[in-house]
Amino acid sequence: MELTHKSGRQETAAHDLPPAIELRGISKAFGPVQANKDINFSVAKGTIHGIIGENGAGKSTLMSILYGFYKADAGEVLINGQTTLIPDSQAAISAGIGMVFQHFKLVENFTVLENVILGAEDGAMLRPSLAKARKELTRLAKEYELNVNPDTLVEELSVGHKQRVEILKALYRHADILILDEPTGVLTPAEADHLFRIFDGLKKQGKTIILITHKLREIMDITDTVSVMRRGEMTATVKTSETSPEHLAELMVGRKVLLEVSKTPARPGASVLEVENLRVVDEDKVERLKGVSLQLRAGEILGIAGVAGNGQSELLEVLAGMQTATGSVRLNGQELDLTGAKSDARTRRKKGIAHVPEDRHDEGLILEFSAWENIAFGYEDDPAYNKGMLMDNAALRAETHAKMERFDVRPPHPRLEAKNFSGGNQQKIVLAREIERNPDLLLIGQPTRGVDIGAIEFIHQRIVELRDQGKAILLVSVELDEIMSLSDRIAVMFDGQIMGERRPEETDEKELGLLMAGINRKAN
Amino acid sequence: MQKMPKWADVALIPLINILIAFTLSGLIIWAIGGDPFRALKTMVTGSFGSTNGWGYTLYYTTNFIFTGLAVATAYQARLFNIGGEGQAMLGGLGVALVALSIDWPHWAIALPAAAIGGAAFGAFWAVIPAYLQAKRGSHIVITTIMFNFIASALVGYLLLNFLKVPGNMSTESAGFPAGTNLPTFSDMLAPFGITFAKNAPANISFLVALACAFGYWLLIWHTKLGYQIRAFGQSETGAIYAGINPVRIVVITMVISGALAGMMALNNVMGEAERLIDNAVEGAGFIGIAVALMGRNHPVGIVLAALLFGFLFQGGSELSLWEGIPRELVVVIQGLVILLTGALDNMVRGPVERLFLMLHKGEA
């Protein structure tokens, strides 16, 4: 790391400017876990610096230290060449650091303007602050293409616009250094493009941007420099123009990774799932599914692409028995109840539908339960798990251990609580439970969200294997790469409808992106 | 080591909490001119110093085991059953109706019948709030509290107008037939050659309470239903994902919880008073909340916490009897224990946790 350190200094000497941020020897441990180990790195002023790494590599810890959420055990932070103490987020803000979190920290029932001044009011009276903020917002909007109507309630904004409000909040507080954590996770390709244009504008004005992401393509497209983190250490800092996605992926996991899924062409068999005119109206009387029809055969993977919130979640929930609906769903030719007592998840499971849900923390797992209790989740009435009136906990633990071995869950300890496993291992627990039920239809949502690259490979292979055993798989993902590489057919959802269906080999990300934005060029 | 060892969590912290509460109580006793050490001695000898003392302590303990289990069962589904008081009152009504229905030949037949009666009435009183919560979204804390008042008024009304013996001045039912009188500890221990105070109220329902604690453990950690209750308690969306019907779980959990509270009447109504008296529950329903909290919803913890509160009740009444310390102050001491063990638990937990982490670092 000494090398990077020196070159960073030389660079600053060349530009005659100290780096915007320089970290020296930052370490942070949580109990026995060394989250950050002697991290040295610097970000030159006016550049876009990417940080990539697997989940649990220590990116978020590092940024939390920068923003004053954690105190480093050792090391120092230099802002513009000055040693700076950052005990809390207020100190970070006054040092010119702004942070945009993955999950927005906005007050939904406040207007944009009210959100922007929240915590930065000038005095007890709001009126002067609001007037000042209004002027400032107009200026910022012009300068950086950050157009948002200041009087709209935040809850009425799209995700992309909410993110702009977060950026505006930081800029309003005179941030010179912006840190963004996975900013494009929830955006359409068009929105992401817009965000990158904003980045360009900010960079031209001399702002420094730190972008935390796991999307290699974004790193390649917009960053000037990229740092790779692995197991708490900063393993490399390279110029983006001098590297390749394959090289970065290798640096991240420490070995070569298959980014493409290897699979043979599908051999679709009999029709397993037939969905016709499916409609869902939510509690607020908003129609979430507006007449969805689709068909799925044995031995094929149908990928549902789309920006989050366009009805994919509802589609999964209806099929899994978590949500009532109208319309018709046939499984192996047999009509399923969509309302009433027989429309619950348990009945669906017994009919041969397994479900890996989008949200494994809230749905797929009970985090406070041990691994073996989670293996029974949804199947606790299975005769194999029961002995008379009591559950056969010992048998269940033994089976869990076997499953953990087969799915390479680490550590393979059935008594460990689910919350103590990493994201990838948690997902493997869910997969082990659902896939080994040998279902006719597997519903799988965001299979690799928050999962590290090594586990992604494993999970993708398992999904393809299941397909090759002649099972039908409905895959919902917001990751286009994942949809493209796994699916045999791709259906794109927009605003509660299927916009169109494509074969992965006959389409590209651009066309799918347009479909995801609701534009169908091929439409008749 | 990320956490402190388990023994510190389950034993050390409650112990420190109790010590602080006792120290504070001692200071108060000292401030009003009493001798705290003598007061403590009076409490200990009064509750554990004789078989008579034990008999009272275990009598209170029995009440608190039932109500503590009731609160803990509901809490496994993250339902706050504040209505143990009312459910125990209704349980008393159920027990009284069973006991007075026929001339029972033997307590061994009357006991299960009365248990069913008490449990059924207690469960009935809990199932209405449960249904309102599950179907209408009325908050169970509010409804169960309200149902305490309704229960009190209802039982008072029934006693006054239907159950009272004409001519009797006090609001109480007729005495139960002799065939329902439960064996006391004195009766139970006599065959073993152990003499136990004859008039002490502790009775065989203590064993029923222990059996219920074991049943609770089996139910919660070894049955499908218990599994589903805990899963629902941890995550309602998770429960829907798994196909666990929330309405069913809320109703069944509260039925069990109310039944446990209702069975308390075996002890205070059938075992001790041997007739139904107005306000016989004496706050045991509320003490159950503290017991469950302090016992960490585990049966062993609940039994131990119930014993502590049994000691506080019995020792407290000795205190007012012999030391001239007013009854109200005894309530203050009980309140301090509840405050420290329940509400202020984190005050002690934080520093102790840090201490353990520091010690561990020192070793490493």
Side-chain angles (χ1 to χ4, degrees), chain A residues 29-33 73 316-317 320-323 341-350 353 355-370 372-374 376-383 385-394 396 417-420 430 433-434 443 445, chain B residues 1-6 9 75-78 134-137 214-252 256 296-298 353-364:
Chain A
F30 297 100
V33 182
D73 298 335
L316 273 185
E317 283 173 5
M322 299 173 67
Q323 161 89 50
K342 293 276 171 212
S343 70
D344 69 324
R346 197 159 299 253
T347 313
R348 295 288 158 80
R349 278 198 184 88
K350 292 196 170 127
I353 299 181
H355 179 204
V356 177
E358 292 184 290
D359 184 344
R360 66 175 165 269
H361 286 173
D362 231 19
E363 295 174 353
L365 294 167
I366 299 285
L367 291 177
E368 305 295 324
F369 276 15
S370 53
W372 68 267
E373 287 175 302
N374 273 301
F377 196 41
Y379 302 99
E380 68 273 8
D381 50 358
D382 185 322
Y385 298 157
N386 286 277
K387 228 172 17 188
M389 292 196 33
L390 301 181
M391 284 182 83
D392 192 350
N393 293 351
L396 194 45
E417 285 171 355
K419 64 179 176 195
N420 294 325
V430 179
R433 179 181 72 212
E434 300 297 326
L443 308 170
Chain B
M1 183 173 65
Q2 304 246 40
K3 293 189 297 188
M4 55 185 174
K6 202 163 177 184
D9 183 38
Y75 188 74
Q76 293 291 353
R78 291 297 180 275
K135 281 282 191 189
R136 318 289 318 172
F214 178 71
Y216 166 86
W217 175 78
L218 268 187
L219 169 76
I220 297 298
W221 285 286
H222 290 270
T223 68
K224 272 180 302 204
L225 179 61
Y227 179 94
Q228 293 178 343
I229 290 173
R230 285 184 296 129
F232 171 81
Q234 293 290 348
S235 166
E236 189 167 345
T237 44
I240 293 168
Y241 161 79
I244 296 167
N245 183 343
V247 174
R248 178 175 165 267
I249 292 297
V250 169
V251 169
I252 290 181
I256 298 169
R296 302 251 182 282
N297 301 309
H298 190 279
E353 228 159 22
R354 274 199 295 279
L355 186 74
F356 267 97
L357 288 179
M358 255 169 59
L359 284 176
H360 184 77
K361 254 190 191 165
E363 282 166 32

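Below, chains carry the letters A, B, ... as their sequence lines are ordered, and counting in each starts from 1. Note: hydrogens, waters and symmetry copies are ignored here, and every other heavy atom, side chains too, is used.
Rounded to the nearest 0.5 Å, atoms CZ (Phe369(A)) and OG (Ser235(B)) are 10.0 Å apart. Note that NE2 of His222(B) and CG of Asn386(A) are 12.5 Å apart. Values are rounded to the nearest 0.5 Å. Here the straight-line distance linking atom CZ of Phe232(B) with atom CD1 of Ile366(A) works out to 10.5 Å at 0.5 Å rounding. Between the CG atom in Leu225(B) and the CE atom in Met391(A) there is a gap of 11.0 Å [rounded to 0.5 Å].
Chain B forms more heavy-atom pairs under 4.5 Å with one residue of Arg349(A), Glu368(A), His355(A), Glu317(A) than with any other, namely Arg349(A).
In this structure, Phe377(A) and Ile244(B) approach most closely via the heavy-atom pair CE1-CD1, 4.4 Å. The heavy-atom pair separating Ala345(A) from Ile240(B) by the smallest distance is CB-O, 3.6 Å.
If you measure heavy-atom distances from Arg360(A) to chain B, you find no contacts under 4.5 Å at all. Ala376(A) touches chain B through backbone and side chain together, each having a heavy atom under 4.5 Å away. Neither the backbone nor the side chain of Arg348(A) comes within contact range of chain B; no heavy atoms are under 4.5 Å apart. Proximity to chain B involves both the backbone and the side chain of Asp362(A), based on heavy atoms less than 4.5 angstrom apart. Both the backbone and the side chain of Asp381(A) come within contact range of chain B, judged by heavy atoms closer than 4.5 Å.
The pair Arg230(B)-Glu373(A) counts as a salt bridge, with a side-chain nitrogen and a carboxylate oxygen less than 4.0 angstrom apart.
Side chains of Met389(A) and Leu218(B) form no contact here, defined as non-hydrogen atoms less than 4.5 Å apart.
Cation-pi geometry between Arg346(A) and Tyr241(B) is not satisfied (NZ or CZ under 6.0 Å from the ring centre, within 45° of the ring normal).
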